[in-house]
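Note: hydrogens, waters and symmetry copies are ignored here, and every other heavy atom, side chains too, is used.
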Amino acid sequence: MQIVVRNGTMTEAEQDYYVRHITAKYPMGAIDKLVLDIQGEFVDAHYTLHRFPELRKMGGYCAGEPADWNPAKQAELRDTLPNPVE
């Protein structure tokens, strides 16, 4: 994780506070980059969360992300009917 502090300085404990706050808000996300912009008494926090790849299972094996598939495999995904859950 990359932490950038702009327009001032911030202690490690203060930075950890913002990291904990963001991870509490998005428990399943991982922070890629956190920019803390100090504006007088206020701090603007801008962050980007890590994008986990969407892995799909097709035909009994893990086939990776659908964007990487060939046209035939993408057509197979479009034609797949989900099993009803009751």
Side-chain angles (χ1 to χ4, degrees):
M1 170 184 11
Q2 179 184 9
I3 299 176
V4 178
V5 179
R6 292 185 184 159
N7 300 326
T9 59
M10 191 174 280
T11 65
E12 187 125 353
E14 291 172 319
Q15 293 175 18
D16 288 342
Y17 169 79
Y18 287 100
V19 170
R20 282 194 311 273
H21 180 72
I22 294 168
T23 54
K25 189 174 181 180
Y26 300 102
M28 296 302 292
I31 303 169
D32 271 344
K33 184 175 183 179
L34 173 61
V35 177
L36 300 170
D37 191 9
I38 300 172
Q39 303 291 329
E41 295 181 11
F42 301 99
V43 175
D44 291 331
H46 305 278
Y47 51 89
T48 55
L49 298 176
H50 179 73
R51 181 185 165 274
F52 293 100
E54 177 192 354
L55 297 178
R56 297 293 297 261
K57 192 173 184 179
M58 181 67 81
Y61 62 93
C62 190
E65 290 193 66
D68 298 336
W69 295 353
N70 63 26
K73 191 57 86 175
Q74 289 179 356
E76 184 181 343
L77 176 64
R78 282 192 303 272
D79 296 340
T80 302
L81 297 174
N83 292 329
V85 177
E86 297 179 14

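Note that the CG atom of D16 and the CE atom of M10 stand 11.0 Å from one another [nearest 0.5 Å]. Atom OG1 of T9 sits about 8.0 Å away from atom CD of E14, to the nearest 0.5 Å. In this structure, CD1 in I31 is found 4.5 Å from CD1 in I22, a value given to the nearest 0.5 Å. Atoms CG and CE, on L34 and M1 in that order, are 7.0 Å from each other to the nearest 0.5 Å. With values rounded to the nearest 0.5 angstrom, N7 atom CG is found 7.0 Å from I38 atom CD1.
Between V43 and D37, every side-chain heavy-atom pair lies at or beyond the 4.5 Å cut-off. Inter-residue side-chain proximity for Y18 and Y47 is flagged as unmet; no heavy-atom pair is nearer than 4.5 Å. Between V35 and K33 there is a side-chain heavy-atom pair separated by less than 4.5 Å.
Heavy atoms of other residues, nucleotides or ligands lying less than 6.0 angstrom from CD of E12 number 12 at most. More than 12 non-hydrogen atoms from other residues, nucleotides or ligands lie less than 6.0 angstrom from NE2 of H50.
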Applying side chain to side chain contact (heavy atoms under 4.5 Å, CB included), run through Q2 and D32 and close with a yes or a no. CA-CA 6 Å; Q2 179 184 9; D32 271 344; over 6 Å; no
Step by step, work out the side chain to side chain contact (heavy atoms under 4.5 Å, CB included) result for R6 and L36. CA-CA 6 Å; R6 292 185 184 159; L36 300 170; over 6 Å; no
